[in-house]
Amino acid sequence: MGSSCYARGNRDNVSLIREYLEANNINGSVEFSGSLCENNCSRGPVVTINGKTFFDVDRPLLLQILDSEVMNEQS
C-alpha cells in the first residue's frame, strides 16, 4: 500500500481482491495490510499473498494469482 504501488494500481487490486472473495463466497479470515516502500517501486504494483510476493500485478495476473493461491486453499 506504499504510495508508488498504490498509484501504479494497487488501489484497483484491493477492490478486485474484495470482489473476488465475495464472488467466490470466501468468508474465511482475510487480512489486508500494507507496507511502505520495499525498494521495488519500479516493479510495482507489488502484491504479497500467502507469503509469496508478485511484481507488476495487473488485473489478469491478479486473477491468476487468486485462482492459484486462494482457490487451492479452499479445495
Side-chain angles (χ1 to χ4, degrees):
M1 300 312 288
S3 60
S4 177
C5 283
Y6 199 73
R8 289 175 176 256
N10 265 352
R11 171 185 3 181
D12 296 330
N13 287 341
V14 168
S15 295
L16 178 58
I17 292 169
R18 288 184 175 162
E19 291 169 13
Y20 183 92
L21 295 173
E22 185 176 318
N24 289 284
N25 295 316
I26 299 171
N27 300 315
S29 175
V30 176
E31 179 182 325
F32 283 90
S33 64
S35 64
L36 297 177
C37 186
E38 295 181 9
N39 297 316
N40 287 305
C41 296
S42 66
R43 299 175 72 190
V46 178
V47 173
T48 301
I49 298 177
N50 294 336
K52 298 176 186 173
T53 301
F54 304 92
F55 303 96
D56 298 311
V57 179
D58 59 8
R59 183 180 182 89
L61 177 57
L62 183 54
L63 289 171
Q64 290 176 0
I65 294 167
L66 292 170
D67 284 342
S68 173
E69 296 298 320
V70 176
M71 293 310 284
N72 283 340
E73 283 189 9
Q74 299 299 309
S75 302

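Positions are given from 1, in the same order as the sequence printed here. Because the structure is a prediction, the values reported are computed rather than measured.
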Step-by-step side chain to side chain contact (heavy atoms under 4.5 Å, CB included) determination, V46 to T53: CA-CA 7 Å; V46 178; T53 301; 3.4 Å; yes
Check: R8 side chain, C41 main-chain N or O, donor-acceptor pair, under 3.5 Å: yes
Is there a donor-acceptor pair closer than 3.5 Å between any side-chain N or O of N13 and the backbone N or O of P45?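 Judged by distance alone, no pair lies under 3.5 Å.
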Testing L62, L63, D58 for side-chain contact (heavy atoms from CB on, under 4.5 Å) with P60, which one passes? D58
Got D67 and Y20 here, is their nearest side-chain heavy-atom distance under 4.5 Å?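 Yes, close enough: below the 4.5 Å cut-off.
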Step by step, work out the side chain to side chain contact (heavy atoms under 4.5 Å, CB included) result for D12 and R59. CA-CA 8 Å; D12 296 330; R59 183 180 182 89; over 6 Å; no
List in chain and number order the residues that pass side-chain contact (heavy atoms from CB on, under 4.5 Å) with N50, two or more places apart in sequence or in another chain; answer none if no residue qualifies.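 Expected list: E69, E73.
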Take V47 and I65 through the test side chain to side chain contact (heavy atoms under 4.5 Å, CB included) and record every step on the way to the result. CA-CA 10 Å; V47 173; I65 294 167; 5.8 Å; no
Excluding sequence neighbours, so at least two apart, what forms side chain to side chain donor-acceptor pair (under 3.5 Å) with S68?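 Partners of S68 under the side chain to side chain donor-acceptor pair (under 3.5 Å) test: none.
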Distance check, rounded to the nearest 0.5 Å: I17 atom CD1 versus I26 atom CD1?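 Here the interatomic distance stands at 11.0 Å.
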